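We count residues from 1, following the sequence as given. We use all heavy atoms of the structure for the numbers below, so side chains are in, but hydrogens, waters and symmetry mates are not. Nothing here was measured: the structure is a model prediction, and the numbers come from that model.
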Amino acid sequence: MLFRALPHNSRIKKTEPIRGSRVSRARTPATHEQPTDVRLGRIVRLLMEHATVVVSGTKIAEEISSNRSEVWRLVQQLRGLGVDVAGHPATGYQLMAVPDLLLPEILGPLLRGTIFDTKVHHFYKIGSTNTAAMAAAAEGAEEGSVFLAEEQTAGRGRGANSWESERSAGLYCSVVLRPALPPSEVLVLALAAGLGVRAAIKQVDGRVTADLKWPNDVLIGGKKVCGILTEMNAEATRVRYIVVGIGINVNHSTFPKEIESEAISLRMATGSEWSRVEVAAALLKSLDREYRSLVEQPGAQQSILQRFAEQSSWVRGKQVRVEENGSRVEGTTEGLDERGFLRVHTAQGLRTVLSGTVRENKQLAISS
Ligand code: BTN
């Protein structure tokens, strides 16, 4: 938990995004979109470090190498984003609540010791964090680079689907990984990401036990709370880089009509708001654990497959229908094979499903 002394602004106001006039160029991988003005994060950090006192405009101006009127302008921008800052240039400023913004200055300290430490890139508004992460990886972004956005205007799901990305309601996160794995083993990494999401949710609220639907959905009460989109650039025998994109519905209170019967948020599931900062920190820590063990420990692959099977109600004994590229497989799930593919017992015999959308086959379930 962050700064218990301060209440948490768990929801930032819906205002126009702020684009940075000055951005960090040193460590920011090239993308075609502007990351958040780093001075906003620095001001928040400074106010958090002096949470119980009023900080003068002059001190803040020194901190960001600027002047008091620029500080006032930036504080106004922060307020526009829902950050609760009291005061004005004559009196100084004080933070009244910890903002639930995924700024590197807020999230970064919670990621010490992980592969993501000091590699958080934040955007108020972006097309897709996966697209940005793939572009950055192509230009050499280092392993562990994280792309987070408050809002996506072209969030992408698996297949041709889009991903509903309401501003500051969800977690929209993509990480760049460079594992020394053959492309055939990447599915296991994607399954490990699902385990990481499930563990993160449980860590933040122990009452919530999510289900895993092969290959990449996380469900609560049968509805989707998280989707994972894994993309890679690889040669025949070697992965160059992988981007794991994770969308978690955190504080949504409604969804568009087309998905409302299938989607759920953590807030809907529990009846109270969640801190996206806490969810993001727990997520990145558990991804770090899963990823390190996968690339460092012999036998980790086996453990991932076993845990996925244990933690998913879909992997064994579920009546399913799987559709992929016009072909359809119907039957009862019979576990995962050694590469993580789903085995389905059908009327024609055992089939191995390589990808596709798995749905519960209610007709089969009733008639059997
Ligand atoms: C799915 O279930 O279809 C996968 C959804 C993945 C959504 C996330 S949100 C962050 C990242 N950026 C994207 O454009 N997509 C992924």
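Checking R339 against S184 by side-chain atom types alone, no donor-acceptor pair falls below 3.5 Å. Counted by atom type alone, T332 and H345 present zero donor-acceptor pairs between their side chains at under 3.5 Å. Between N251 and R267, the side chains place no donor N or O within less than 3.5 Å of an acceptor N or O (distance only, hydrogens not considered). In summary, the side chains of S168 and E150 do present a donor paired with an acceptor at a separation below 3.5 Å, with no hydrogens or angles considered. Under the 3.5 Å distance criterion, with hydrogens and angles disregarded, no donor-acceptor pair is assigned to the side chains of D337 and T352. Using a 3.5 Å distance cut-off with no hydrogens or angles, the side chains of Q306 and Q302 do not pair a donor with an acceptor.
With values rounded to the nearest 0.5 angstrom, D100 atom CG is found 8.0 Å from I106 atom CD1. Distance CE/M232 to CG/L177: 12.5 Å, rounded to 0.5 Å. Distance CG/L187 to OG/S355: 9.5 Å, rounded to 0.5 Å. Atom CD in Q152 sits 10.5 Å away from atom OG in S162 (nearest 0.5 Å). Put simply, OG1 on T129 and CZ on F123 are 9.0 Å apart, with the number rounded to the nearest 0.5 Å. To the nearest 0.5 Å, atom CZ of residue R316 and atom CG of residue L342 are 10.0 Å apart.
Ion pairing between a basic and an acidic side chain is recognised when a charged N comes within 4.0 Å of a carboxylate O; E278 and R276 show no such pairing. In this structure, K318 does not pair ionically with E334, as no charged nitrogen and carboxylate oxygen lie closer than 4.0 Å. Taking a cutoff of 4.0 Å between a charged side-chain nitrogen and a carboxylate oxygen, R328 and E330 qualify as a salt bridge. At a threshold of 4.0 Å, the pair R321-E360 does not count as salt-bridged, since none of the basic side-chain nitrogens sits closer than that to a carboxylate oxygen. For K224 and E262, the salt-bridge test fails: no basic side-chain N is under 4.0 Å from an acidic carboxylate O. Residues E63 and K59 are not paired through a salt bridge, judged by the lack of any N-O separation under 4.0 Å between the basic side chain and the carboxylate.
Each of T333, L219, D217 was checked for a side chain to side chain contact (heavy atoms under 4.5 Å, CB included) with W314, and the lone residue meeting it is L219. With I201 as the fixed residue, the side chain to side chain contact (heavy atoms under 4.5 Å, CB included) test singles out one of L283, V225, T209: V225.
The backbone N or O of R178 lies less than 3.5 Å from a partner atom in the side chain of E143, making a donor-acceptor pair. Looking only at distances, a side-chain donor or acceptor of S174 sits under 3.5 Å from a matching main-chain atom of N130. At distances below 3.5 Å, not a single donor-acceptor pair connects side-chain atoms of W214 with backbone N or O atoms of F308. Although no hydrogens or angles enter the test, the distance criterion places a donor-acceptor pair under 3.5 Å between the side chain of R198 and the main chain of A210. Judged purely by atom type and a 3.5 angstrom limit, N216 uses its side chain to pair as donor or acceptor with the backbone of A190. Judged by distance alone, with hydrogens and angles left aside, the side-chain atoms of N249 form a donor-acceptor pair with the main-chain N or O of I264 at under 3.5 Å. A donor-acceptor pair under 3.5 Å is absent between the side-chain atoms of T91 and the main chain of G87, judged by distance alone. No donor-acceptor distance shorter than 3.5 angstrom exists from the side chain of E164 to the backbone of F255, with no hydrogens or angles considered. K119 places a side-chain N or O within 3.5 Å of a backbone atom of I115 that can act as its donor or acceptor partner. A distance-only check finds no donor-acceptor pair linking the side chain of R79 to the backbone of L74 [under 3.5 Å].
Every residue meeting the salt bridge (charged side-chain N to carboxylate O under 4.0 Å, His left out) condition with E260, not counting sequence neighbours, appears here in chain and number order: K257. Taking the salt bridge (charged side-chain N to carboxylate O under 4.0 Å, His left out) definition, one finds that R238 meets it with E235, sequence neighbours left out.
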Let me see the working for V244 and I246 under side chain to side chain contact (heavy atoms under 4.5 Å, CB included), right down to the final yes or no. CA-CA 6 Å; V244 181; I246 298 174; 4.1 Å; yes
From CA spacing to verdict: side chain to side chain contact (heavy atoms under 4.5 Å, CB included), D211, I220: CA-CA 6 Å; D211 195 6; I220 296 177; over 6 Å; no
Give the intermediate values and the outcome of side chain to side chain contact (heavy atoms under 4.5 Å, CB included) for residues V71 and I64. CA-CA 8 Å; V71 169; I64 63 167; 4.1 Å; yes
Please step through side chain to side chain contact (heavy atoms under 4.5 Å, CB included) for the pair L284 and C173, ending with a clear verdict. CA-CA 9 Å; L284 291 167; C173 171; 4.2 Å; yes
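Cluster annotation: I248 and W163 are assigned to distinct hydrophobic clusters (Ile/Leu/Val/Met/Phe/Trp/Tyr, side-chain heavy-atom contacts under 4.5 Å, transitive). Two different hydrophobic clusters hold L305 and L350 under the rule that ILVMFWY side chains link at heavy-atom gaps under 4.5 Å. No continuous path of ILVMFWY side-chain contacts below 4.5 Å connects L212 to L229, so the two sit in separate hydrophobic clusters.
The heavy-atom pair separating T153 from K125 by the smallest distance is CG2-CE, 3.4 Å. Listed here is the closest heavy atom pair of P179 and V295: CB-CG1, 4.0 Å. Across all non-hydrogen atoms, the minimal contact from V44 to P99 is CG1-CG, 3.8 Å. Taking all atoms of both residues into account, the shortest heavy-atom contact from A132 to I126 is CB-CD1, 3.6 Å. Nearest approach of A300 to S293, heavy atoms of both residues: CB-O, 3.1 Å. Across all their heavy atoms, A281 and L107 have their closest contact at N-CD1, 3.7 Å.
Using a 4.5 Å cut-off on side-chain heavy atoms (C-beta onward), T58 and I60 make no contact. Looking only at side-chain heavy atoms (C-beta outward), T131 and M134 stay at 4.5 Å or farther from each other. Side chains of V54 and Y93 form no contact here, defined as non-hydrogen atoms less than 4.5 Å apart. Between Q319 and K362, the closest side-chain pair of non-hydrogen atoms is not below 4.5 Å. Side-chain contact between Y124 and E151 is absent, with no heavy atoms from C-beta onward closer than 4.5 Å. Counting heavy atoms from C-beta on, the side chains of V175 and V243 never come closer than 4.5 Å. At a threshold of 4.5 Å between non-hydrogen side-chain atoms, the residues I43 and L78 count as touching. Side-chain contact between R307 and E290 is present, with heavy atoms from C-beta onward closer than 4.5 Å.
Ring-plane geometry between H252 and Y172 is classed as perpendicular, the angle between the planes exceeding 60 degrees on a 0 to 90 degree scale with a lower cut at 30.
Other residues, nucleotides and ligands contribute more than 12 heavy atoms inside 6.0 Å of the CZ atom of R240.
Here V53 sits alone; no ILVMFWY side chain lies under 4.5 Å from its own, so it joins no hydrophobic cluster.
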